[in-house]
Amino acid sequence: MKPEEIDWKEYEKITKTIYETLGQRTGVKVECYGNSCKIMGQSGVEHQVDVLTSHSDGLHEYKTIIECKYWNENINKDIIMKVKVIVDETDANKGIIVSKLGFTPDAIKVAKFHKIGLIELREPNDKDWKDISIPINIKKDLPVTLVNDLKTYTKPENLEYLMGLNAEITKDITEFRTSDDEVYNFHTVFEDFRKEIFDKKEVGIFEKEVNYDNAYMIYNKTNEEIPFLGFKLKVEFLYQSHEFNFVGREDVYMILKAMFEDKTLKVLNNGKIKEHKSKD
């Protein structure tokens, strides 16, 4: 469930589930939760509580009343006193209040005096993200192909003419025409060969030589056709080491802070609960 879909009923269920999970380590058992969860008072009146837990030391059983408040405001001292009255009225040994947004200063003072536990249980906010970020480093050898050499063949007089033009293949001369009047793109021919070598995944240097009769290179600036005899292409296939660095985030669902115990936990979406440490 996404945080924006939480309501007070779901908040109670989340609290119950957290205490069940933590109880697997500490021996705490959830007795009940929700509207049907009630505990009998010494006055003979039943009190509805949100979550009721128990644990035993082998000789005695201890009960804890948990009140959940999914409110969009800080919890005041009146709620503290309400829980204190229920604890005193029943055979419960402790009371805890779980709040979405925390508590007023007076509520904290009263709770500390009466030994009522205060828990802040909320969705992660912008300040939390730096603490739940995870550096990710991946090193991987990736296949690459490199064009090591390209040579075109032409007659000496045509070579001198090309040198005079200071023309570069695939830049100033991008196409050539063969004797059957088909026009080819140098770059496309080279890329097809490079892809062919890449798909083989064989480490090494590979050459391709093509010879023509009556073929012509086309000079881009003037469309002039210059006779040539063919070309030779050399391609190398190898694996190069690459390093990738990312910043990921733990899949944190809720942050739980026990105010008087100086302990903060993070509840993950997979149900696991871990200690939450600030990186400050």
Side-chain angles (χ1 to χ4, degrees), residues 3-4 6-23 26 28-55 60-128 131 252-267 273 275-276 278 280:
E4 59 267 24
I6 295 175
D7 58 16
W8 64 270
K9 287 185 178 180
E10 185 64 24
Y11 194 66
E12 289 180 4
K13 184 177 180 181
I14 292 169
T15 302
K16 182 265 299 186
T17 302
I18 289 173
Y19 275 89
E20 280 180 336
T21 302
L22 294 174
T26 61
V28 173
K29 181 173 64 173
V30 174
E31 298 288 341
C32 59
Y33 86 101
N35 291 335
S36 61
C37 187
K38 296 179 181 180
I39 184 170
M40 181 64 70
Q42 297 176 34
S43 64
V45 175
E46 281 188 327
H47 298 275
Q48 188 274 324
V49 295
D50 294 332
V51 182
L52 180 65
T53 68
S54 65
H55 72 281
H60 304 93
E61 184 178 69
Y62 302 90
K63 293 183 179 180
T64 299
I65 291 170
I66 303 171
E67 185 78 7
C68 303
K69 296 299 180 186
Y70 193 69
W71 292 0
N72 290 320
E73 60 185 53
N74 292 335
I75 303 304
N76 60 41
K77 62 182 178 62
D78 294 339
I79 302 300
I80 309 297
M81 294 308 301
K82 174 187 173 183
V83 173
K84 174 66 168 62
V85 168
I86 297 176
V87 171
D88 291 344
E89 229 280 286
T90 64
D91 62 349
N93 304 93
K94 186 176 181 181
I96 294 175
I97 301 173
V98 181
S99 166
K100 170 186 176 182
L101 288 185
F103 306 85
T104 65
D106 284 349
I108 294 173
K109 290 180 183 178
V110 172
K112 191 171 185 179
F113 181 81
H114 289 293
K115 296 181 173 54
I116 301 296
L118 299 184
I119 301 289
E120 185 179 293
L121 178 64
R122 56 173 175 77
E123 300 90 351
N125 57 36
D126 291 340
K127 294 181 180 179
D128 296 314
D131 296 327
V252 176
Y253 183 40
M254 303 286 275
I255 300 290
L256 184 152
K257 181 178 180 181
M259 299 193 64
F260 300 143
E261 300 176 30
D262 194 26
K263 180 189 296 184
T264 303
L265 304 175
K266 50 193 173 186
V267 183
I273 298 176
E275 186 177 356
H276 181 62
S278 174
D280 291 336

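The residues of the chain are indexed from 1 along the displayed sequence.
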Worksheet item: In Å, rounded to the nearest 0.5 Å, how long is the span from CG of Asp106 to NZ of Lys77?
Response: 7.0 Å
Discussion item. Listing request: all salt bridge (Lys or Arg N to Asp or Glu O under 4.0 Å) pairs with a residue in residues 252-264, at least two apart in sequence or in separate chains.
Written reply: none
Discussion item. So which atom in Tyr33 and which in Ser36 form the shortest heavy-atom distance, rounded to 0.1 Å?
Written reply: O-OG, 4.1 Å
Worksheet item: Do Leu52 and Ile65 come within less than 4.5 Å of each other through their side chains, counting heavy atoms only?
Response: yes
Worksheet item: With sequence neighbours excluded, what pairs up with Lys69 under the salt bridge (Lys or Arg N to Asp or Glu O under 4.0 Å) test?
Response: Glu67
Fill in: Partners meeting ring pair (Phe, Tyr, Trp, His ring centres under 6.0 Å) with Tyr11 (sequence neighbours left out)
Tyr70
Practice prompt. Output yes when Glu20 and Lys16 qualify as a salt bridge under the 4.0 Å nitrogen-oxygen rule, no when they do not.
Written response: yes
Worksheet entry | Exercise: identify the closest heavy-atom pair between Thr15 and Cys68 | OG1-SG, 3.6 Å
Worksheet item: What distance do Lys38 atom NZ and Gln48 atom CD have between them, rounded to the nearest 0.5 Å?
Response: 7.5 Å
Could you pull out every donor-acceptor pair under 3.5 Å between side chains of residues 113-122 and any protein atom, sequence neighbours left out?
residue : atom : partner : partner atom : Å
Glu120  : OE2  : Arg122  : NE           : 2.8
Arg122  : NH1  : Asp128  : OD2          : 2.6
Arg122  : NH2  : Asp128  : OD1          : 3.4

Worksheet item: Could you state the interatomic distance from CD1 (Ile14) to CG (Leu256), rounded to the nearest 0.5 Å?
Response: 11.5 Å
Discussion item. Within this structure, what is the CD1-NZ distance for the pair Ile273 and Lys266, rounded to the nearest 0.5 Å?
Written reply: 12.5 Å
Practice prompt. Not counting sequence neighbours, which residues clear ring pair (Phe, Tyr, Trp, His ring centres under 6.0 Å) with Tyr62? List them please.
Written response: His55
Practice prompt. Working to the nearest 0.5 Å, report the span between CG of Leu22 and OG1 of Thr17.
Written response: 11.0 Å
Item to complete: Let me see the working for Tyr253 and Ile6 under side chain to side chain contact (heavy atoms under 4.5 Å, CB included), right down to the final yes or no.
Response: CA-CA 11 Å; Tyr253 183 40; Ile6 295 175; 3.6 Å; yes
Worksheet item: What's the spacing between Asp7 CG and Glu12 CD if we round to 0.5 Å?
Response: 9.0 Å
Donor-acceptor pairs under 3.5 Å, side chain of residues 85-102 to any protein atom, not counting sequence neighbours: which ones?
residue : atom : partner : partner atom : Å
Asp88   : OD1  : Lys84   : NZ           : 3.1
Asp88   : OD2  : Lys84   : NZ           : 2.3
Glu89   : OE1  : Ser43   : OG           : 2.9
Glu89   : OE1  : His47   : NE2          : 2.8
Glu89   : OE2  : Gln42   : N            : 3.1
Glu89   : OE2  : Ser43   : N            : 2.9
Glu89   : OE2  : Ser43   : OG           : 3.4
Thr90   : OG1  : Ile86   : O            : 2.9
Thr90   : OG1  : Ala92   : N            : 3.2
Asn93   : OD1  : Lys63   : N            : 2.8
Ser99   : OG   : Leu101  : N            : 3.3
Ser99   : OG   : Gly102  : N            : 3.0
Ser99   : OG   : Gly102  : O            : 3.0
Lys100  : NZ   : Asn72   : OD1          : 2.6

